[in-house]
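Keep in mind that this is a model prediction, so the values were computed, not measured. Both ligands and their constituent atoms are indexed starting at 1 by order of listing.
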Amino acid sequence: MGTSFVSFLVGIAFAALGYSLSSIYRLRKVFSWLRQSGDSDPPESFGEWGELLDELHRLRRNYLARSSKLEQRIVHLQNSFASLDDAVVLLNKADEIDWINQSASRLLGLQESDQGQTLQNLLRQPDFLEYFEEGEYDKPLSLISPVSDTTELELLITRFGEANRMLFVRDVSDVRRLERTRTDFMANVSHELRTPLTVISGYLETMLDTDSDWQPALQQMQGQARRMEDLLKDLMQLNKLESVPEKKQHDVIELGSIIRTIFDEISVHKAQQKLELKLKTDAQLLGSHQELYGAFANLIHNASKYTPEDGTIIVAWQLEASGASLSVADTGIGIEAQHLGRLTERFYRADPSRHANTGGTGLGLAIVKHVLLRHQAGLSIESTPNVGSRFICHFPEDRVVRS
Ligand code: ADP
């Protein structure tokens with residue numbers, strides 16, 4: 001009894017040992033199969049081992065198919081980027097260059113051997129470094145190519161993945177040259193027309209002082225000459241706003257005094273109109289005094305122009321959830337909804353026949369929009385025909401000095 005029990009135990013021990021050895025053998029075979037990189041068949045197995053290997057094989061095939069598709073996509077993308085005229089630079093989390101295309105060498109002077117280097121060590125222009133570090137990439141950056149002084153670039157940065165960044169750089173030299181030609185042409189034409197116009201106006205004034213049958217005609221001519229002078233003045237101002245680069249202008253502006261001066265100008269012509277100023281905050285505004293004065297004067301003069309003598313104009317300066325706003329409201333003729341989106345276009349006038357006598361140029365709101373853009377501000381317009389209009393300038397927080 002004792003001997004057969006011991007033999008039974010020894011038998012079990014041998015069987016267990018045999019099973020463990022065969023399991024280790026199979027496991028080794030599975031590992032060596034898993035380590036192979038291709039899509040080879042798994043080692044032959046039966047029972048549960050077989051099922052496990054079939055499942056592993058299926059998963060592996062799926063994985064290989066997916067990664068080969070991804071690889072193809074990456075190669076396709078890299079090929080597309082490589083052939084682009086625009087420079088593309090991919091950066092990793094540590095701002096090191098992961099990949100560049102050929103145009104990056106032509107436009108930015110980067111080389112393939114720069115891969116792995118920190119970008120800021122290679123592109124050292126202060127404007128670029130400030131833009132790159134600030135991290136506000138909603139507007140593109142204009143810069144001169146480090147390779148050639150005559151190449152003007154526009155640079156855009158997009159974030160992707162885990163804090164990776166991608167730089168897109170376009171050569172905009174031709175576009176800028178065309179823009180300059182256009183603004184130079186406008187400036188020259190406006191300038192050249194001013195001198196003859198001044199001479200004509202001078203003669204008209206002298207002739208108007210004399211008594212003649214031509215008086216009505218001369219008066220009309222003088223009116224038109226004044227209109228042309230206003231047009232040239234507005235065109236020159238718009239041109240200046242477009243061609244003078246945006247500086248960080250930081251005059252501290254006290255709104256109350258600006259608005260009161262503009263009200264005084266209006267009272268001279270429209271003594272009956274009620275002018276109200278509501279200063280709901282004593283916060284001040286940061287920006288170009290001259291440009292903002294021009295913009296607010298345009299809005300308030302418009303309000304007066306399109307409001308009857310017995311109407312009211314209310315200018316209000318108030319804080320908003322973020323930033324502050326200056327609104328100009330009137331009880332005038334109002335504007336039909338279909339015109340609202342186009343009012344800031346050059347020469348757009350809501351109803352030319354209706355406004356034929358206002359003496360407007362159709363450029364005032366285009367100037368306002370430009371000035372506001374240069375102050376990172378926006379314009380919104382609300383209006384109801386025959387009830388009145390409200391033009392609101394919204395300034396961002398960093399343009400507002402709260403006391
Ligand atoms: P304009 O010199 O003709 O006034 P603007 O560019 O200043 O040119 O304004 C464009 C058009 O917007 C005007 O012609 C007018 O139709 C309309 N507009 C501007 N402000 C007002 C206002 N306060 N009330 C009614 N219409 C206005």
Asp230 bridged to Arg227 by N-O distance under 4.0 Å: no
Measuring from the heavy atoms of Asn298, does anything fall under 4.0 Å of ligand 1? no
Do any heavy atoms of Lys305 fall under 4.0 Å from ligand 1? yes
Is there a polar contact, in the sense of an N or O pair closer than 3.5 Å, between Phe391 and ligand 1? no
Quick one: which residue pairs count as a salt bridge (charged side-chain N to carboxylate O under 4.0 Å, His left out) with a foot in residues 378-388, not counting sequence neighbours? Glu382-Arg390
Should the pair His375 and Phe395 be assigned to parallel (<30°), tilted (30 to 60°) or perpendicular (>60°) ring geometry? perpendicular
Using a strict 4.0 Å cut-off to heavy atoms of Ile335, name the atoms of ligand 1 that fall inside it. 25 (C), 26 (N), 27 (C)
Contact atoms of ligand 1, heavy-atom distance to Gly364 under 4.0 Å: 5 (P), 6 (O), 7 (O)
Lys/Arg-Asp/Glu bridge criterion (N-O < 4.0 Å) met for Glu179, Arg176: yes
Between Tyr348 and ligand 1, which part of the residue brings a heavy atom under 4.0 Å of the ligand: side chain, backbone, both or neither? backbone
Cation over ring face, Arg165 and Phe132, 6.0 Å, 45°: yes
Please could you name the atoms of ligand 1 that Leu363 approaches to less than 4.0 Å, counting only its heavy atoms? 6 (O), 8 (O)
Who passes ring pair (Phe, Tyr, Trp, His ring centres under 6.0 Å) against His57, sequence neighbours left out? Trp33
Can you check which of His301, Arg349, Lys369 brings a heavy atom nearest to atom 3 (O) of ligand 1? Arg349
Salt bridge flag under 4.0 Å for residues Glu55 and Arg58: yes
More than 12 non-hydrogen atoms from neighbouring residues, nucleotides or ligands closer than 6.0 Å to CZ on Arg170, yes or no? no
Does an N or O from Ile333, backbone or side chain, lie closer than 3.5 Å to an N or O of ligand 1? no
Candidate with minimal heavy-atom separation from atom 1 (P) of ligand 1, of Gly362, Ala366, Ala303: Gly362
Pair Lys369 + Glu345: basic N to acidic O under 4.0 Å: no
Quick one: does ligand 1 sit under 4.0 Å from the side chain of Asp330, the backbone, both or neither, non-hydrogen atoms only? side chain
Would Ser389 count as a contact residue for ligand 1, given that I'm defining contact as a non-hydrogen atom of the residue lying under 4.0 Å from a ligand atom? yes
Region of Leu365 that comes within reach of ligand 1 [heavy atoms, distance under 4.0 Å]: both
